[in-house]
Protein chains: 2
Amino acid sequence: MDAQLKKGSLEVCVLAALMKQDSYGYKIIQSLDEVVDISESTLYPILRRLEQNECLQSYSVEHNGRLRKFYSITDKGQERIKEYLLDFKELMNIYNYIAREVKKDVE
Amino acid sequence: MDAQLKKGSLEVCVLAALMKQDSYGYKIIQSLDEVVDISESTLYPILRRLEQNECLQSYSVEHNGRLRKFYSITDKGQERIKEYLLDFKELMNIYNYIAREVKKDVE
DNA sequence: ACATAATACTATACATAGCATAGTATAAGA
DNA sequence: TCTTATACTATGCTATGTATAGTATTATGT
C-alpha cells in the first residue's frame, strides 16, 4: 500500500488500538497485524508524538528485569479519533469523485 | 480537512478531473471546487510531477496572447487511478477498524 | 553449548506531498 | 484607475511514514 495514503491514518489507528486496553509497542504491532502492516520505525515515533500531544499517557511496568512502556489513551486522544472520523468523510467525497469519473469512462 | 489525510489522493483527484476532457491549471481548480479545496501552490506542483511520471502529457494553446498549458491523461495515468482505487480499499480496512473500536467503547 | 528467533526499545536520517507565500503578467469590469 | 479574474512559476517549510542500525534480554532449537 502506498505510504502517502496512510498518512494521518496510522496515528489514529494506534489510538484506536488502545481503546480496549492499555498496551505497549511490541504488542500493538501484533494486535494491528490484521489491520495494517506497521513497523517499529513507524510505530515508536508515533507513540512518542501522541504522548507529546497528550493524546496518550505512559507508564512503565517491569517485565523480566526490563521496563515495558505501557500507553493509555486520554480524552484528548479520543477526541482526536472523532475528528479523524469526520475528516475521513471528506476524504470519501474525493474517493467517490474519482471512482465516478473512472466509471463514466467505462460506460 | 487535515492535510495529511489528503496525501496521495489529491494527485489522483487531478488525474480523475482530466478523464472527461483535457484542461489547464486554473480551470482544474474550479472544476474540483465542489470536491476538494485545492490551491495553486498544491495543484501546479502536482501537474508537473504527473507529467514527469508520464501520467499526463501537456501542450500549449495560445489564449489572449499568453500560453495556456493543457494537460491530457495518458494510459499510465489511468493505470495510476486504478491502483489508487485498490489501495483505497486497504485504507478502508484501517478506517473500519478505527470506527469499530470507537463503537465498541460506546456500547 | 551455541545459534537463532522473539521480545522491546532508541536514534539517525531520508523522501514525499501538501501548502504558504511571493512574484510575474495580462485582460476585463467598476 | 483600481480591483478582480486569469494563469503560471519559484522558494521554502512541515509532517509523516520508513529504512537502517544499534542495544539488550529471554526463549527455543539443534
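Nothing here was measured: the structure is a model prediction, and the numbers come from that model. Throughout, a chain's letter reflects where its sequence line sits, starting with A, and its residues are numbered from 1.
- Between A:Tyr71 and A:Leu56, the closest heavy-atom pair is CD2-CD1, 4.0 Å.
- The nearest whole Å value for the distance from the CD1 atom in A:Ile38 to the P atom in D:dT18 is 8 Å.
- In this structure, B:Leu47 atom CG and D:dT9 atom P are separated by 9 Å, rounded to whole Å.
- Non-hydrogen atoms lying under 4.0 Å from DNA chain D are contributed by B:Gly25, B:Tyr26, B:Gln30, all within residues 25-34 of chain B.
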In B/S/- notation, 5' to 3', how is nucleotides 20-28 of chain C contacted by protein heavy atoms closer than 4.0 Å? BB---BBS-
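- Remark: A:Tyr44 is not in phosphate contact with C:dT10, judged by side-chain N or O atoms under 4.0 Å from OP1 or OP2.
- Rounded to an integer number of Å, the gap from A:Ile46 CD1 to D:dT16 C1' is 8 Å.
- B:Arg48 has no carboxylate O lying under 4.0 Å from a charged side-chain N of B:Glu51, or vice versa, which leaves the two without a salt bridge.
- Here the side chains of B:Ile38 and B:Ile46 are in contact, with some heavy-atom distance below 4.5 Å.
- Proximity of B:Arg49 to the phosphate of C:dT16: no side-chain N or O atom is located under 4.0 Å from OP1 or OP2.
- The heavy-atom pair separating B:Asp22 from B:Ser72 by the smallest distance is OD1-CB, 3.0 Å.
- One can place CD of A:Glu62 at 14 Å from P of C:dC9, the figure rounded to the nearest angstrom.
- Rounded to an integer number of Å, the gap from A:Glu90 CD to C:dG18 C1' is 15 Å.
- In this view, A:Glu40 satisfies the salt bridge (charged side-chain N to carboxylate O under 4.0 Å, His left out) rule with no residue, not counting sequence neighbours.
- Checked for salt-bridge contact, A:Glu79 and A:Lys82 meet the test: a charged N lies under 4.0 Å from a carboxylate O.
- In this structure, CD of B:Gln4 is placed 16 Å from P of C:dT16, rounded to the nearest angstrom.
- Remark: A:Lys6 is in phosphate contact with D:dT18, judged by side-chain N or O atoms under 4.0 Å from OP1 or OP2.
- Judged by distance alone, the side chain of A:Asp87 and the main-chain N or O of B:Asp2 form a donor-acceptor pair under 3.5 Å.
- Within the 3.5 Å criterion, the main-chain N or O of A:Glu54 finds a donor-acceptor partner in the side chain of A:Thr74.
- Residues B:Tyr84 and B:Ser9 meet the side-chain proximity criterion, which asks for heavy atoms closer than 4.5 Å.
- Between the NZ atom of B:Lys7 and the P atom of C:dA17 there is a distance of 9 Å, rounded to whole Å.
- With rounding to whole Å, B:Asn53 atom CG is found 14 Å from C:dA15 atom C1'.
- For A:Lys69, a side-chain nitrogen or oxygen approaches OP1 or OP2 of C:dT10 to under 4.0 Å.
- In the set D:dG17, C:dT16, C:dT10, C:dT10 carries the atom at the smallest distance from any side-chain atom of A:Arg48.
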